[in-house]
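To start, the structure under review is shown below, and the notes come after it.
Both counts, for ligands and for their atoms, begin at 1 and track the order of listing. Just so it is clear, the model here is predicted, and its values are computed rather than measured.
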Amino acid sequence: MNTVNGKSVQQGVAIARIKVYKRAGEVVSRVKINDTAKETVRLLKALDETKNQLQELYESALKSAGEDAAAIFEVHQMMLEDEDFLESIKNIIENESVNAEYAVAVTGDNFSKMFASMDDEYMRARSADIKDISLRILKVLSGQKDTDMTGLSDKVILLADDLSPSETVQMDKSKIGAFVTVHGSVTSHTAILARTMNIPALVNAGIDNIDELDGKEAIVDGSLGILIVEPSDEIRLDYEKKLVELENQKKLLASLKGKPTVTKDGRKINLYANVGSIGDIAFAQSSDAEGIGLFRSEFIYLGKDDYPTEEEQFQIYKQALQLMGKKKVVIRTCDIGADKQIGYFNLDKEDNPALGFRAIRICLTRQDFFKTQLRALFRASVYGNLAIMYPMIVSMDEIIKIKEIVSQVKSELDELGVPYSKTLEQGIMIETPAAALISDELAKEVDFFSVGTNDLTQYTLAMDRQNSKLDSLYDKRHPAILKLIKMAADNAHANGKWIGICGELGADLELTKTFIDMGIDELSVSPGMILKLREKIINL
Ligand code: PEP
Ligand code: MG
């Protein structure tokens with residue numbers, strides 16, 4: 001038996017076998033080769049196949065996203081033909097009598113380091129392209145695919161070095177009993193997803209070699225933040241009992257289903273759920289959410305290889321609204337960038353992506369893709385109680401631009417005779433100190449505020465929410481944050497608007513009373529927290 005400590009992201013217990021998640025091309029072995037000429041032919045074939053793949057990607061991006069977006073695949077094709085790059089791979093095969101995979105990995109590593117150290121910003125950004133190309137060749141050479149989650153009969157404890165939001169989104173959640181990652185921070189989007197799914201999860205687990213644990217029986221205790229590998233019979237029995245206890249607690253909380261969320265002195269709080277997909281709405285419903293306070297629409301984009309079309313998005317939004325009936329569904333427009341990277345957006349590498357080209361900044365620059373989403377949203381609005389929310393606002397100017405684009409979209413729909421709700425609310429996220437500080441002006445122009453405490457905290461404290469080294473310093477209840485929320489609440493109410501909290505802090509039971517005293521009207525939390533929060537509120 002071996003116990004590993006990590007940081008808890010979501011409570012709960014899971015008992016299952018460990019499945020190690022590997023990205024294809026991540027592990028490359030050095031293998032001695034006798035026939036280097038044959039190995040070079042194998043390499044050349046793989047390069048041809050890689051070029052074909054890039055050509056296909058270029059053509060599909062050209063059709064769906066235009067010349068600018070497609071250009072990156074052309075650049076990759078050109079890089080693939082670079083003589084120095086090819087010579088280096090061939091030389092390593094020849095001189096060291098080694099396999100092509102090893103030669104590609106070493107060359108890719110050398111070249112990307114060389115680009116990364118260049119003075120010119122454009123050239124520095126090519127370092128990531130080299131890594132991308134090398135990985136693509138490696139996948140072709142080895143025929144490897146990312147760990148296949150299909151075909152698993154039982155739930156597993158998924159163990160990975162790290163998981164990106166797009167990897168997490170694409171996994172079959174019905175097969176995952178718990179997440180454990182060696183890296184990652186507690187406010188990362190992967191952690192948020194684990195909370196949405198209400199499954200135990202740990203980040204920052206102190207494991208040197210994850211491969212050794214593949215297939216082993218283990219227990220994740222999300223409350224204590226530990227992973228117990230190959231537990232003794234006694235420990236296993238204890239945890240089986242704990243699971244039963246947790247089930248009983250759930251049943252107790254379930255008795256609160258259908259009850260109104262009203263404080264003892266009669267204040268109604270809207271208790272909504274945060275979701276990232278249609279699948280998550282089932283979690284929201286089974287937890288008795290009174291609405292959806294944050295639908296992270298970017299997860300629709302993250303789960304795909306190409307831009308979702310207007311029709312695809314329309315169907316998803318329509319389904320979400322139909323599923324929730326009369327209940328409010330706040331859909332946030334695409335909040336891409338920072339840790340939520342999508343290859344086909346072809347965003348340049350940035351030194352500070354959290355402070356860079358992200359969210360509404362991308363939408364207001366690439367208006368075509370923003371308009372596609374808005375058209376889908378407005379068309380869907382007749383199927384339920386939709387509200388639209390815009391992320392990462394810092395200025396009045398952005399609101400003015402959004403309004404211009406929205407009015408163009410509405411005129412286009414009017415011309416086509418397409419119906420849409422004339423009364424749908426449009427609000428903004430308060431997740432930058434700038435937005436909170438000018439919330440008196442912003443409140444006049446929008447229908448509601450929703451405080452994104454995850455970003456508001458990182459920008460107020462100047463602490464990267466992704467950096468696990470800062471976790472101990474990351475004071476999520478810092479008075480500055482509470483002051484900013486109070487300021488936004490006062491300004492919303494002074495202008496007759498409502499305000500909610502959809503960041504993770506909204507689920508902090510120690511702050512529920514503070515938020516209610518501030519006059520917060522809505523709390524939107526991961527589905528697993530809804531009933532716990534209702535229990536807290538009705539006893540206040
Ligand atoms: C937030 O910043 O608090 C928020 C809700 O948005 P996200 O976590 O998706 O950045
Ligand atoms: Mg945010």
message: Do Tyr474 and Asn467 have side chains that approach each other closer than 4.5 Å (heavy atoms only, starting at C-beta)?
response: no
query: Is the cationic atom of Lys371 (NZ for Lys, CZ for Arg) positioned less than 6.0 Å from the six-membered ring centroid of Phe369 and within 45 degrees of its normal?
result: no
- prompt: Under 6.0 Å from the NZ atom of Lys483, do we count more than 12 heavy atoms belonging to anything else shown?
  reply: no
field: Sub-4.5 Å side-chain heavy-atom contact between Asn385 and Lys326
entry: no
- prompt: Would you call Glu445 and Lys403 a salt bridge, using N to O less than 4.0 angstrom?
  reply: yes
query: Which protein residues have a heavy atom under 4.0 Å from ligand 1?
result: His189, Ile192, Leu294, Arg296, Arg332, Asp335, Lys340, Met429, Glu431, Gly452, Thr453, Asn454, Asp455, Arg465, Cys502, Gly503
message: Taking side chain to side chain contact (heavy atoms under 4.5 Å, CB included) as the criterion, tell me which of Glu298, Arg296, Met429, Met389 meets it with Asp335.
response: Glu298
message: Working note: Lys268 + Glu290, criterion salt bridge (charged side-chain N to carboxylate O under 4.0 Å, His left out); need CA distance, chi angles, decisive distance, verdict.
response: CA-CA 12 Å; Lys268 167 85 185 85; Glu290 296 161 17; 2.7 Å; yes
query: What protein N, O or S atoms come within a distance below 2.8 Å of the Mg ion (ligand 2), ordered by chain and number?
result: Glu431 OE1, Asp455 OD2
- prompt: Between Lys497 and Val446, is a side-chain contact (heavy atoms from CB on, under 4.5 Å) present by the stated rule, with each step listed?
  reply: CA-CA 8 Å; Lys497 310 293 163 69; Val446 301; 5.7 Å; no
- request: Measure the shortest side-chain to side-chain distance between Asp368 and Tyr307 over non-hydrogen atoms and say whether it is less than 4.5 angstrom.
  value: no
